[in-house]
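Values reported hereafter were calculated over all heavy atoms of this structure, with side chains retained and with hydrogens, waters and symmetry mates removed. Labels below follow one simple rule: chain letters A, B, ... track the order of the sequence lines, proteins then strands, and each chain is numbered from 1.
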2 protein chains.
Amino acid sequence: MAFTYSYPRAALTVDCVVFGFDEGALKVLLIRRGIEPFKGCWALPGGFVQTDETLDAAARRELQEETGLSEVYQEQLYTFGAIERDPRERVISVAYFALVRRADHIPLAATDAAEAAWFVAETIPSLAFDHAGILEIALNRLRGKIRWQPVGFELMPEKFTLTQFQALYEAILGRTLDKRNFRKKLLALGLLVALEEFTTSESRRPAQLFCFDHSKYQVLTRMGFIFDL
Amino acid sequence: MAFTYSYPRAALTVDCVVFGFDEGALKVLLIRRGIEPFKGCWALPGGFVQTDETLDAAARRELQEETGLSEVYQEQLYTFGAIERDPRERVISVAYFALVRRADHIPLAATDAAEAAWFVAETIPSLAFDHAGILEIALNRLRGKIRWQPVGFELMPEKFTLTQFQALYEAILGRTLDKRNFRKKLLALGLLVALEEFTTSESRRPAQLFCFDHSKYQVLTRMGFIFDL
DNA sequence: TCAAAAGTGTTCTTGATACACCCATGC
DNA sequence: GCATGGGTGTATCAAGAACACTTTTGA
């Protein structure tokens, strides 16, 4: 450790694992790289951190630039620093994961990146750099996290049915859940508001719509409440 | 994103939150800074990442250099990137947390750092940089982690009594636990080996010593077992 | 009238909690 | 013989798991 920081420095990037839920499947947003290395390969959206922005801000900006997404739930995942993870030179990447509503609607204003697309999480093509590993870790984090934090709602539309929500949990956890037990436990949390609205014209019995009560959750959290589903 | 990485780069450091358990209290290892900025202040051990070492390796090396500790349990905690967190220039810090046995024994080969000392976790002096915030996050992580992973054993001597182990949990969680329930649940995990050895000469009834069965834990983990205490 | 998804309660099992006394040792 | 911490079992309560039928709608 010295007064000056004069030795060679690694480059710093952020990469975002963006999850969406659509057609009953958990999906991941990937971009096709327009430049070398790994030109033409699918990769996580991301890019270099500027010196006047925080890591969170860099992740938000890159997501906006490469996919057009903004205002999404986002949190830091892990930092990857294997020496040869970028073939050009030393690059450290701070990975984020993000959750977006309606993976269907936002099919991508690709800008820097040549192309962007949603992939079902179980069938991901091979990825550039160490992105496959990053994705794996993000999936594990998501699986753990939905049990203890109400992040699943970030993947739902504002108004959703209990069946949709259960399908989300089943997709993420990779197993079926008992309908009655799931609804009982979920409603017992007291965090859902039952709307006076129902789905229509899906050629079967209408389902009641609910929305998540963010403010109630915040109040309860301050009182020591812990979400557990 | 461009072919060359020619813009200014942030410096990259690692900082280690080192926990130990001694005299019934959870302790944190701090060093007194020998150089500016914050010269003379207490801070987390840490330093710059070299371009030919991984982040994990940098954390291990800094810990060794500044405190003499090696072969300790260590994992990445979080990466801090607030713009003004270092008064000199932009510095990104990847924080680690480490758990060491016998906080008492290893009272510090200070090298780079002027001085090093253990502090009880509840009474930490004011710290350099944003280290107080890092420590807070590390404590929360530890509190969460001991419930779901057998990391508590990393803070115990190889051979320990159940009472010692319970005291560790009480110190970390900040509340008392029921002795009979704690022991019942702990032993039911089947991960402790009861040794044919007892504590001696502590001027009271000898207590049986146990050790943690790492290999059994690994086998169970591969079978889907999840530690829960 | 049929197909397809929505909606709803009870029983049983399991794990969590609460709780008090005798034991072995050193002084 | 007494103070100190070591060691043990049961009864109650709450939460999780298993499980099947009726309802509403559109075609």
Taking [atom1] from [X] and [atom2] from [N], how many angstroms apart are they, rounded to a whole number?
X	N	atom1	atom2	value
B:K179	C:dC19	NZ	P	16 Å
B:F182	D:dG7	CZ	P	13 Å
B:R204	D:dG6	CZ	P	7 Å
A:L189	D:dA15	CG	C1'	13 Å
B:K184	D:dG7	NZ	P	17 Å
A:L186	C:dT8	CG	C1'	15 Å
B:D178	C:dA16	CG	P	13 Å
A:E170	C:dA5	CD	C1'	14 Å

Quick check for you: among [options], whose closest atom lies nearest to any side-chain atom of [X]?
X	options	result
A:R183	C:dA5, C:dG7, C:dA20	C:dG7
B:R180	C:dC19, D:dG6, C:dG9	C:dC19
A:N181	D:dT8, D:dT25, C:dG9	C:dG9

Inset, instruction - Give the ring-plane orientation class for B:F153 versus B:F212, where under 30° counts as parallel, over 60° as perpendicular and anything between as tilted. - result: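 Aromatic pair B:F153/B:F212 classed parallel.
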
Inset, instruction - Give the ring-plane orientation class for A:Y73 versus A:F97, where under 30° counts as parallel, over 60° as perpendicular and anything between as tilted. - result: tilted

Inset, instruction - Assess whether atom NZ of A:K145 is packed by more than 12 heavy atoms of other residues, nucleotides or ligands within 6.0 Å. - result: yes

Inset, instruction - Please step through ring pair (Phe, Tyr, Trp, His ring centres under 6.0 Å) for the pair A:F19 and A:F21, ending with a clear verdict. - result: CA-CA 7 Å; A:F19 290 109; A:F21 183 67; over 10 Å; no

Inset, instruction - Establish, with yes or no, whether the OP1 or OP2 oxygen of D:dG6 is under 4.0 angstrom from a side-chain nitrogen or oxygen of B:T163. - result: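 It does, given that an N or O in the side chain of B:T163 lies less than 4.0 Å from OP1 or OP2 of D:dG6.
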
Inset, instruction - Decide yes or no, distance alone: a donor-acceptor N/O pair under 3.5 angstrom between the base of D:dG16 and the side-chain of A:K185. - result: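 For A:K185, whose side chain was compared with the base of D:dG16, there is no donor-acceptor pair (under 3.5 Å).
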
Inset, instruction - Between B:R205 and A:P206, just flag the one whose closest nucleotide in DNA chain D comes earlier from the 5' side. - result: B:R205

Inset, instruction - Kindly determine whether B:R141 and B:E75 satisfy salt bridge (charged side-chain N to carboxylate O under 4.0 Å, His left out), including the steps that lead there. - result: CA-CA 11 Å; B:R141 176 91 136 238; B:E75 72 172 47; 3.5 Å; yes

